[in-house]
Novice: 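Dropping a structure here in structure tokens format, bear with me for questions.
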2 protein chains.
Amino acid sequence: MDMPPLIQSFVLHFGEMGSRWGINRTVGQIYALLFVAPRPLNAEEISETLGFSRSNVSMGLKELQSWNLALMKHMPGDRRDHFTTPGDVWAIVRILAEERKKREIDPTLSMLRELLMQSPGSEEERHAQERMREMHDLIETLDNWYADVRRLETERLIQLLTLGSKVQKVLEVKDRLFTLPGGRARKDAEENG
Amino acid sequence: MDMPPLIQSFVLHFGEMGSRWGINRTVGQIYALLFVAPRPLNAEEISETLGFSRSNVSMGLKELQSWNLALMKHMPGDRRDHFTTPGDVWAIVRILAEERKKREIDPTLSMLRELLMQSPGSEEERHAQERMREMHDLIETLDNWYADVRRLETERLIQLLTLGSKVQKVLEVKDRLFTLPGGRARKDAEENG
DNA sequence: CGGTTATTTCAGTATTTTCTGAAATATACG
DNA sequence: CGTATATTTCAGAAAATACTGAAATAACCG
């Protein structure tokens, strides 16, 4: 089963891209194929279309399911499992925020917290802890931001991200509204205007 | 040369984490070591401390430099190159936004734009293009957001990220201020209040 | 149940990536 | 320059990862 060139380019690019990221070529290609397919596909079809062994596809699908990036569908009158990707592309952003939190952020934060509890035995260790504290605070801030991304529904999420460069202005407005005249925040807003 | 256990745990964790990400163990460990070190280190020291071959360290440092995550320093009276990481941890966020744009976002966007120019030869391709359009728009939005992250100085960047869940409220305020009564944005703000 | 079809597991192989040591190149200093 | 020291390159070894085919398991159906 072969793909139209348009789809093939997309699928191949995703395979390459995936491997720069933690994901491997197979998984990237499977995702891309499911993403553009007009209907759910079964493992056999994927295997034939991409030219991977059936077992490789099985493992790839498992991986994608564990990331919630592939969803199993049952088609009436067919007992094979069929797969799609979430329909709302913005769900990808939420899902990745969720999964990266679990797999990368949480373990790192708890490692850092543990190390920050220990008392430094030397100046060298004291300095190291200081740096770890900075990194801990950074990651914690990102973690909270991710939490918000996960919470927001698509419309608001787009709004938040589109806000972008305008954030400066919006923050000023916020400062003016929520701070007493002459307060620090008010002053900052004026300086950065 | 051996590390205090505190530092060792940190360095090892970063090595593991790195490998979940595109980066390899060596590079992750070198970065972590430089990050907590109280002064710039030379390649020899890194090599001895981490137990990697001198040439491996050389390659790792090159990689880190290409990401702007390691900076070369010249120490007076010593002709060996010494290395540090950027002092402001928040620079990491900006740097990663910059580099990921170059390496991942830009190539993907141009691939998508190219494919979106072609005229679909079938219903299947038409649908695929529709999906690609959605992904294109998503990535473009993220790209713009990243651009803003790169632009903002630390103070404002932290403010932007901390804003988080409060964004809803702030957006409402913005809507009320910048939209004529009865306009669409005003209406949205009320509905989502 | 027994047969059929679908899926997963897994041991072994193939491929890719990482890492090393030796040689080549570059840089500094007298 | 010539010598000493620092760094990079690179071919091959080692390690890690991805992939396959065969066999095991599971799910369905008559």
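In what follows, chains are A, B, ... by sequence order, proteins preceding strands, each numbered from 1. The structure presented is a predicted model; accordingly, all values stated were derived computationally and were not measured.
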Novice: Can you tell me how far P of D/dT17 sits from CH2 of B/W21, to the nearest Å?
Specialist: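 After rounding, the gap between these two atoms is 17 Å.
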Novice: Has B/N24 got a side-chain N or O lying under 4.0 Å from the OP1 or OP2 atom of C/dC19?
Specialist: yes
Novice: Assign B/R80 to base, sugar-phosphate, or nothing according to its heavy-atom contacts below 4.0 angstrom with the strands shown.
Specialist: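 Result for B/R80 = sugar-phosphate.
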Novice: For B/N56, which contact category applies under a 4.0 Å heavy-atom criterion: base, sugar-phosphate, or nothing?
Specialist: base
Novice: Determine the interplanar angle of the B/W21 and A/W21 rings, folded into 0 to 90°, and report it as parallel if under 30°, tilted if 30 to 60°, perpendicular if over 60°.
Specialist: perpendicular
Novice: To the nearest angstrom, how far is A/E16 atom CD from C/dT17 atom P?
Specialist: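 From A/E16 CD to C/dT17 P: 10 Å.
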Novice: For A/R126 and A/Q129, test the side chains for any donor-to-acceptor distance below 3.5 angstrom and give the result as yes or no.
Specialist: no
Novice: Please give, in whole Å, the distance from D/dA27 C1' to A/D78 CG?
Specialist: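 To the nearest whole Å, that distance equals 13 Å.
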Novice: Measure from CD1 on A/I23 to P on D/dC19 and round the result to the nearest Å.
Specialist: 12 Å
Novice: Using side-chain contact (heavy atoms from CB on, under 4.5 Å) as the criterion, point out the one residue from B/N42, B/V27, B/I30, B/D81 that pairs with B/L61.
Specialist: B/I30
Novice: Touch check for B/D81, heavy atoms < 4.0 angstrom, all strands: base, sugar-phosphate only, or nothing?
Specialist: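 Answer is sugar-phosphate: B/D81 comes under 4.0 Å of backbone atoms only.
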Novice: Using OP1 and OP2 only, check whether a side-chain N or O of A/S55 sits under 4.0 Å from C/dT8.
Specialist: no
Novice: Between A/Q29 and A/L12, does the side chain to side chain contact (heavy atoms under 4.5 Å, CB included) criterion hold? Intermediate values first, please.
Specialist: CA-CA 6 Å; A/Q29 290 194 15; A/L12 293 180; 3.7 Å; yes
Novice: How long is the line joining NE2 of B/H74 and P of D/dA6, in whole Å?
Specialist: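 Rounding to the nearest Å, NE2 of B/H74 and P of D/dA6 are 12 Å apart.
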Novice: Once you round it to whole Å, what is the distance between P of D/dT8 and CZ of B/R54?
Specialist: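 It works out to 7 Å between those atoms.
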Novice: In whole angstrom, give the distance that lies between atom CZ of B/F83 and atom C1' of D/dA6.
Specialist: 11 Å
Novice: Taking the minimum atom-to-atom distance to the side chain of B/T26, which one of D/dA18, D/dG21, C/dC19 wins?
Specialist: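 Nearest listed nucleotide: C/dC19.
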Novice: Output the rounded distance in Å from CZ (A/R25) to P (C/dT15).
Specialist: 11 Å
Novice: To the nearest 0.5 Å, how far apart are OH in B/Y146 and CD in B/E104?
Specialist: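 Here the interatomic distance stands at 8.0 Å.
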Novice: Examine D/dT7: is either OP1 or OP2 under 4.0 Å from a nitrogen or oxygen in the side chain of B/K62? Give yes or no.
Specialist: no
Novice: Output yes when at least one side-chain N/O atom of B/S53 is less than 4.0 Å from OP1 or OP2 of C/dG21, else no.
Specialist: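 Indeed not, no polar side-chain atom of B/S53 lies that close.
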Novice: Name the residue closer to the 5' end of DNA chain C, choosing between A/M72 and A/R79 according to the nucleotide with the nearest heavy atom.
Specialist: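 Final value for this comparison: A/R79.
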